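First comes the structure, then the notes that go with it.
Both ligands and their constituent atoms are indexed starting at 1 by order of listing. None of the values given here were measured: they were computed from a predicted structure.
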Amino acid sequence: MKQLITFALLLMAIGIQAEKTNISIKTKSTQLVLQVKDDGRLYQTYLGQRLTEDTSLELLNMPRVSGSSSTMTQGSEVYPVMGSEDFYEPAFEIRHADGHPTSILKYVSHTQKDHETSITLRDELYPVTVVLHYVVYPEEDIIKQWSEISHQEKGKVYISRYASSMLYFEAEKYFLTEFSSEWIREMQMKSQELVFGKKIVDSRLGTRSTLFAQPFFEVGLGRPVAEEEGTVLMGTIGWTGNFRFTFEVDHQRQLRVISGINPDASTYLLKKGEVFRTPDFYFTLSQNGAGEGSRRFQRWAINHQLNKGKEDRMTLLNNWENTYFDFDEQKLTALFGEAKDLGVDLFLLDDGWFGNKYPRKDDHAGLGDWQPTRSKLPNGIPYLVRKANETGVAFGIWIEPEMVNPQSELAKKHPDWMIKLPNRETYYFRNQLVLDLANPQVQDFVYGVVDGLMKENPQLKFMKWDCNSPITNIFSPYEKENQGNLYVDYVRGLYRVLQRIHTTYPDLYMMMCSGGGGRSDFEGLKYFTEFWCSDNTDPVSRLYIQWGYSQFMPSKAMCSHVTNWNRQASVKFRLDVDFTCKLGFDIDLANMSEQDKLYCREAIREYNRLKPIIYSPNLYRLVSPYETEHCVLQRVSDDSSHALLFAYDIHPRVTDVQLPVCLRGLDANARYRVREICLMPQQQSWLDCHDKVYTGDYLMKVGLKVTSANPLVSHIVEIVKE
Ligand code: DGJ
């Protein structure tokens, strides 16, 4: 009898064990395992390299139980709520209609179909539901996550934290690389060890949201982030607004990474039945350094995220740094000829073409009044588009439709459309204010700016959408008593407008620009085909800025223009830096030497020929400008038959030893011809390797000498399988 009871108890135990729900989310090389524990709540039990089989998932219990007391939770709850017994930074915080301040979210069900997993959690006491979503991109090794929050309560429910994702890691040490920014110093990589406590990387600028911090991070697990070795978590959030990443190392030395909208000043009044969808958080876990992570992100962006990711890009001539606001019809039409002569695809007319009562002769007036200034452009935009097309170049135009100068007809007509405190002195950033995109009437107006231009000029091929001001004087006449909703509703309003444009004008190419690189996120790039990395076009600074963006961004999305910044650098050096990205020019060609013009024309021809390699996601960052006085990059075709090497000497000392640079990603057994291209007219290559044949093995083990002790020298080297 006793034996029978023991057997029955054993069966029950096995039964309970078998009932444990494990949810496994896998890419080609990464696996995330979640488990419903006996308390009915959902915990992360594993995040790491993909396991070869799933049979022992219930044995996983990472991370360790936090705290010594048995009353503590497992310490790895997937969506922990403020006010429960996990005392670290929570993912979620709610105030119910009755004023109660927490929810305990229990597992209800989950579905897994194709590459998508959805897990429903619910509070047993209150009608509050959170659905966690995961989409995997197995080939690119990227996981996308977001959450959906809703309730059925009568009365006012506020959510004041609403993460997209919370992940846990266990390693000996953690090293964060963040990407700090400011105007003309975008995407500067800075690393630090994460020790006990919290580190926050966030934005609270509203619009122009990445002015000070970019929405990307890398965490080296166990060791600092390296280029081709070590485990690195790389993450980013798709939100063109306030974001926040929180990195918290707890008492158990476990790292918690929370990603989402920055909830500061954004306690959101959530209506009954409304679904609050958080932005998408994307991450990859590379076992081979940041280099592999970058290649994954670039491939994923091209295949799945970037607007027209797989399509071509247009080279262009922009007039901003050439003319600033000082232009007229005659000057512009002359520039069309220069663009054609140079060999670019498109002419881009920048700021300063609009406003009549308050003409846009500088940045003090006109924003909001999107009619061409008659004194400058008596025949309007259609004439310019026609003339450009007749000359043989496409036409593109600059707009900043979210903004308004108080000196404008729009501001006088619709004072209630501006984000502006009613009872305080107004602070103006670049003499302008932000229009209230939470307001559907304003959304219609902003859409109308694009729609009006497109209806009048169906031949328009390109728009540069600028956004020069953060949200200042935060107050929305439209939101009334729900001011906490404004930062979030603004971005949603913006997406509504962008989606409408995208649906109506799917062929339009658009550059996301924000006073340089003040906007650079992957949700924005669903609608934009490219973005402006920085107003800093000094080629030396650009090497660092582009090195930073290349951690996540594909080259075809990164606009890089030849200008007159840093005249110490030759036009060749300047262009060679831009050659690695989406090439453009913003320079007075009339005053450029014939030699330089010849070089530019030749380089554009080569650029067009080599676009498939330049735009390939297979980037190898071989020599870092952060660590040396050089910068060397390599791009390789998918089949390893064709590669490009870009080498730049910045400010080396004559005594520096020049070592060969080992290439990567080639076929060891193949033979490759190495040839320097893009030489100045009549210039001979002085690289030893020029026009020689090497095996891939040699190139990857011995390498090529492509650096020198001379300042501001550059080489572009083509490597073709024989
Ligand atoms: C800021 C942009 O970054 C520049 O390229 C230029 O378009 C100006 N705005 C125009 O005001």
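- Protein residues with a heavy atom closer than 4.0 Å to ligand 1 are Trp320, Asp350, Asp351, Trp398, Arg430, Lys464, Asp466, Asn468, Cys513, Gly515, Gly516, Trp532, Asp535, listed by chain and number.
- Classification of the Trp320-Phe325 ring pair by plane angle, with boundaries at 30° and 60°, yields perpendicular.
- Taking Thr373 as the reference, Asn356, Pro359, Ser375, Lys376 meet the side-chain contact (heavy atoms from CB on, under 4.5 Å) condition, with sequence neighbours excluded.
- A donor-acceptor contact closer than 3.5 angstrom links the side chains of Arg360 and Asn405.
- Aromatic ring pairs are classed by plane angle as parallel below 30°, tilted from 30° to 60° and perpendicular above 60°; the pair Phe245 and Phe243 is tilted.
- Judged purely by distance below 3.5 Å, without hydrogens or angles, the side chains of Glu402 and Tyr490 pair a donor atom with an acceptor atom.
- Of the possible polar contacts, none joining the Trp353 side chain to the Ile397 backbone as a donor-acceptor pair under 3.5 Å is found.
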